[in-house]
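Notes follow the structure.
Each ligand, and each atom within it, is numbered from 1 in the order the structure gives. Keep in mind the model is a prediction, meaning the values are calculated, not measured.
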Amino acid sequence: MATIDEDDDVLVVRVVYDGAPLCGKTTTLRALAKSLGVAVTTPEEREGRTLFFDWVDYVGGVFDGRQIRCQIISVPGQRDLGPRRQHLLDAADVVVLVVDTRAAVYEAALSTVRQRAAACRETDPPLGLILQANKRDHDSAVPRARMFADVETIAPVAIVETVATTGQGVREGFVFAVRLALDRVRALVDRGALPRGKPEAEHPLELLDQLKTLPLRFDPAPTLAPPAPDRPAPRSHISVPPTPIAPSDIPEVPFVPDPLMPSGTIWPPVDGRALLGEVAGAGLLPRRTASGDWSAAGAGWRLHSHKDALFGDVDAGRRALIQWARVHTQHERLLSPGRAVVLADAGEGRVRLWQLVRVVRSLREQLTDGLAHLSAEDLAHRLVDTAASLLSAQDAWTRAEVALTCSLWTVGTGSDHAARFVGLLPAGAARAPVQHEAGHLLRREFAPVLRAAAEERDDLDVLAPAVQRGLARRGMAGAEAFASLFAQAAPASAPLAPDGP
Ligand SMILES: Nc1nc2c(ncn2[C@@H]2O[C@H](COP(=O)(O)OP(=O)(O)OP(=O)(O)O)[C@@H](O)[C@H]2O)c(=O)[nH]1
Ligand SMILES: [Mg+2]
């Protein structure tokens, strides 16, 4: 949802690329980013499929004297990722619906257009919608005239024809989308309803954290490698904190971190108060996100409260606090330091449970730093060390009673160099963690890193053997898959095929 970020003096708008699985959303964002001369961030992918989103930041144009910062986001298309898709759509200022126009999937695409057009019209002020007719290069693409006629019967929707793989038409679609977004912003200004403050998410990591707190309608484990046969059974499960109350229409009192809060409302008892003092000094003001959660980030801290962490009285809230304190204590050695849990007044006798997490740099952020400037040998070292940290985190987390998602974004290293979970603890953390086969995990996590490396450097042919040497020194599970990932990206260094008959 658009907002005026007064700190940076910009208008932030969100352009969301929606559409069926494999219609070409990610391809579109990559082509757009290339034409705008900016980068795409893709937190996680599995076999080329988007798991969370693709994110592009672009500052351009002016609205009422302020620069416009566009957060350009594509949703994951897979049916089972619906909650994530919805969360991203909820914060849209305009939707670009990417449609695969090949004949075989055309009818299904039209029904998506019908649904999305109806949903956009229901929003107040209406949400702009553009139809990006993609894959126009395909032999079986439906004729242009037929497509325009069909869409006309649905709603007055602008159509932009594209070939995302070459970038044709993609930028035009985006420029049009921003105009529609600004129409909506203007309507909000006229009503005095344009919010001021930080956007729902300021950067991809924050958005990723939000999505990771959402319930999934599926368990990703079955589609991945089966758990190792000797994996220990989870010892016990932590139940969801007791008796949250249903959200009501009575607005909540916003949480203002205050180190003078009554005792019994902060965990850990002593250090927690000191941490709270630090957070209070940062002047963070949490805001409600589209999913109903509350969150704030800045000055090295993240504050988060799940939408259901609201309790009708202090006793119910205290029981939940004690349960969360127990989770933190049990997993202290696995979690990044600088965490507190706080029970705060929410007004009308209600209390809300918050987690405060000091930001610790993730493995992925540490890697990004060295991607452009390290020598191939040093980068190879760092890549191998990072892979080892990731695997050791996964190993350690199998003993956890909470489902700590293991990825380059959620693992960091503590002062003792041990791998630590740096994300927000999942709400109602009542699930055994999923363990992936080492090679699979490494491929999944490092493929995007390698793509980024390929954009930054032209010495992958040197990097690949350096990685191989690093692995040989270390001896690591999944080493073969890891090495082959790099070898594939550097064809010049791949072993020559024997002369065939
Ligand atoms: N021929 C052709 N292929 C395309 C075009 N756009 C995308 N593709 C291909 O379609 C496939 C899916 O593209 P993606 O961009 O990954 O689709 P997506 O919608 O992001 O997929 P999910 O988010 O994972 O559901 C890839 O193989 C692309 O190369 C296009 O305009 N023409
Ligand atoms: Mg995608």
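In terms of modelled atom types and a separation under 3.5 Å, the side chain of Arg443 and the main chain of Gly478 share no donor-acceptor contact. A donor-acceptor pair under 3.5 Å is absent between the side-chain atoms of Ser74 and the main chain of Thr26, judged by distance alone. Checked by atom type and distance alone, the side chain of Thr289 never pairs as donor or acceptor with a backbone atom of Glu200 at under 3.5 Å. For Trp301 (side chain) and Val357 (main-chain N/O), no donor-acceptor pair under 3.5 Å exists by modelled atom type. At least one donor-acceptor pair closer than 3.5 Å links the side chain of Thr410 to the backbone N or O of Thr405.
Looking only at protein heavy atoms, the nearest one to atom 24 (O) of ligand 1 is Arg49 NE, 2.9 Å. Ranking protein heavy atoms by distance to atom 6 (N) of ligand 1, first place goes to Asn134 ND2, 3.1 Å. Among all non-hydrogen protein atoms, the one lying nearest atom 25 (O) of ligand 1 is Leu22 N, 3.0 Å. Among all non-hydrogen protein atoms, the one lying nearest atom 15 (O) of ligand 1 is Thr27 OG1, 2.4 Å. Annotation: atom 17 (O) of ligand 1 to nearest protein heavy atom, Gly24 N, 3.2 Å.
Protein atoms of type N, O or S found under 2.8 Å from the Mg ion (ligand 2) total 2.
One option in Thr165, Thr166, Thr28 has a heavy atom closer to atom 3 (N) of ligand 1 than any other, and that option is Thr165. In the candidate list Ala164, Gly169, Cys23, Gly77, Gly77 is nearest to atom 23 (O) of ligand 1, counting heavy atoms. The closest non-hydrogen atom to atom 8 (N) of ligand 1, taken over Lys25, Arg102, Lys135, comes from Lys135.
With Arg361 as the fixed residue, the side chain to side chain donor-acceptor pair (under 3.5 Å) test singles out one of Asp369, Thr413, Thr368: Asp369. Of the residues listed (Arg69, Arg66, Arg196, Lys198), the one engaging Asp5 in a salt bridge (Lys or Arg N to Asp or Glu O under 4.0 Å) is Lys198, and it is the only one.
When heavy-atom distances to ligand 1 are checked against a 4.0 Å cut-off, Asp137 comes that close only through its side chain, counted from C-beta outward.
The existence of a salt bridge linking Arg146 and Asp150 is confirmed by a sub-4.0 Å separation between a basic side-chain nitrogen and an acidic carboxylate oxygen. Lys307 and Asp293 are not joined by a salt bridge, as no carboxylate oxygen comes within less than 4.0 angstrom of a charged side-chain nitrogen. In this structure, Arg14 does not pair ionically with Asp93, as no charged nitrogen and carboxylate oxygen lie closer than 4.0 Å.
For ligand 1, the atoms sitting less than 4.0 Å from at least one non-hydrogen atom of Pro21 are 25 (O), numbered in the order shown with element in parentheses. Short contacts between ligand 1 and Val163, defined as distances under 4.0 Å to a heavy atom of the residue, involve ligand atoms 31 (O).
The closest approach between Gly19 and ligand 1 stays at or above 4.0 Å for every heavy atom of the residue.
No side-chain heavy atom of Leu303 sits less than 4.5 Å from a side-chain heavy atom of Gln355.
Shown here, atom 20 (O) of ligand 1 is in close reach of the protein: a heavy atom of it lies under 4.0 Å off.
Between Phe486 and Phe446, the ring-plane angle classifies as tilted under the 30° and 60° cut-offs.
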